[in-house]
Amino acid sequence: HIDFGFVFGVAPGGSFSLEISTPFKLTEEMIEVMDGLRSSLFSEFITLFCCGFLALQAHCDTFCTVVEISCRRSTFKCFEGRDSAEVVGKLRERFQPDLDNEETIAYCLDLIKDA
């Protein structure tokens with residue numbers, strides 16, 4: 001599932017932080033279900049993750065525009081009382097829009113390692 005609070009900087013428990021300690025949740029159980037780090041299923045996960053990130057990255061401007069519009073006078077907890085320019089800026093950074101495809105794939109591999 002997508003935890004939009006996490007995406008926009010609301011940590012579990014409701015505290016606000018735009019710093020990312022973990023890029024996404026990848027548990028030992030998830031890796032086990034894929035038959036381990038050296039399995040073909042985990043390799044497929046890596047491929048799909050990278051392809052998905054590239055697809056999202058290609059639409060970075062659209063996502064940021066939607067979020068910018070959504071921030072205005074919002075009562076959503078993830079936006080409430082927050083500077084919309086900062087929220088959108090941090091979201092844009094997460095897409096790494098200035099990386100080329102090769103650099104983006106390397107970035108994705110780092111995200112997977114850090115998860």
Side-chain angles (χ1 to χ4, degrees):
H1 79 279
I2 298 172
D3 182 344
F4 287 102
F6 179 77
V7 170
F8 298 118
V10 179
S15 61
F16 183 72
S17 172
L18 288 173
E19 299 305 315
I20 302 167
S21 60
T22 302
F24 66 96
K25 189 174 192 175
L26 181 62
T27 66
E28 290 295 324
E29 291 83 9
M30 293 173 182
I31 294 169
E32 186 178 321
V33 167
M34 289 185 272
D35 256 348
L37 296 173
R38 298 183 190 278
S39 70
S40 62
L41 290 173
F42 191 73
S43 292
E44 183 176 0
F45 164 75
I46 291 170
T47 299
L48 293 173
F49 184 95
C50 292
C51 289
F53 194 95
L54 287 164
L56 291 169
Q57 188 184 53
H59 298 283
C60 173
D61 289 336
T62 301
F63 290 121
C64 288
T65 299
V66 169
V67 169
E68 184 177 15
I69 292 166
S70 299
C71 282
R72 294 184 188 146
R73 294 183 293 269
S74 177
T75 58
F76 292 128
K77 293 281 185 207
C78 56
F79 300 133
E80 200 173 53
R82 309 229 173 19
D83 177 36
S84 61
E86 183 181 10
V87 171
V88 172
K90 290 290 185 176
L91 178 62
R92 182 175 301 282
E93 285 176 25
R94 293 181 81 174
F95 284 109
Q96 298 292 313
D98 297 327
L99 299 181
D100 64 25
N101 284 358
E102 188 176 313
E103 293 168 327
T104 298
I105 291 168
Y107 176 75
C108 288
L109 295 175
D110 286 341
L111 288 176
I112 293 168
K113 287 177 194 167
D114 292 342

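None of the values given here were measured: they were computed from a predicted structure.
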### Residues that N101 engages under side-chain contact (heavy atoms from CB on, under 4.5 Å), provided they are two or more places apart
L54

### Message
Please list all pairs meeting side-chain hydrogen bond (donor to acceptor under 3.5 Å, both in side chains) that have one or both residues in residues 29-54, counting only residues at least two apart or in different chains.
### Response
T27-E29

### Task
Mind checking side-chain contact (heavy atoms from CB on, under 4.5 Å) for D98 and listing every partner two or more places apart, or none if nothing turns up?
none

### Query
Quick one: CD1 on I46 to CG on L109, what's the gap to the nearest 0.5 Å?
6.5 Å

## Note on the structure
To the nearest 0.5 Å, atom CD1 of I112 lies from atom CZ of F53 at 10.5 Å

### Message
In this structure, would L41 and F24 fall into the same cluster of hydrophobic residues linked by side-chain contacts under 4.5 Å?
### Response
yes

### Query
Applying ring-ring contact (aromatic ring centres under 6.0 Å, His included), which residue pairs with at least one partner in residues 87-106 are found, sequence neighbours left out?
F63-F95

### Summary
On a heavy-atom basis, the closest approach of F42 and L37 is CD2-O, 3.3 Å

## Note on the structure
Applying salt bridge (Lys or Arg N to Asp or Glu O under 4.0 Å) to D61 and not counting sequence neighbours gives R92

### Query
What residues, two or more places apart in sequence or in another chain, satisfy side-chain contact (heavy atoms from CB on, under 4.5 Å) together with A58?
none

### Query
Can you name the residues that form a side-chain contact (heavy atoms from CB on, under 4.5 Å) with E103, not counting sequence neighbours?
L99, D100

### Query
Would V33 and F49 show up in the same hydrophobic cluster when neighbours are defined by side-chain heavy atoms closer than 4.5 Å?
no

### Task
With rounding to the nearest 0.5 Å, note down the distance linking SG in C64 to NZ in K90.
13.5 Å

### Query
Are any non-hydrogen side-chain atoms of Q96 and L111 less than 4.5 angstrom apart?
no

Exercise answer: donor-acceptor pairs, residues 68-76 side-chain atoms, under 3.5 Å, sequence neighbours excluded:
| unit_1 | atom_1 | unit_2 | atom_2 | d |
| --- | --- | --- | --- | --- |
| S70 | OG | V66 | O | 2.8 |
| S74 | OG | F76 | N | 3.0 |

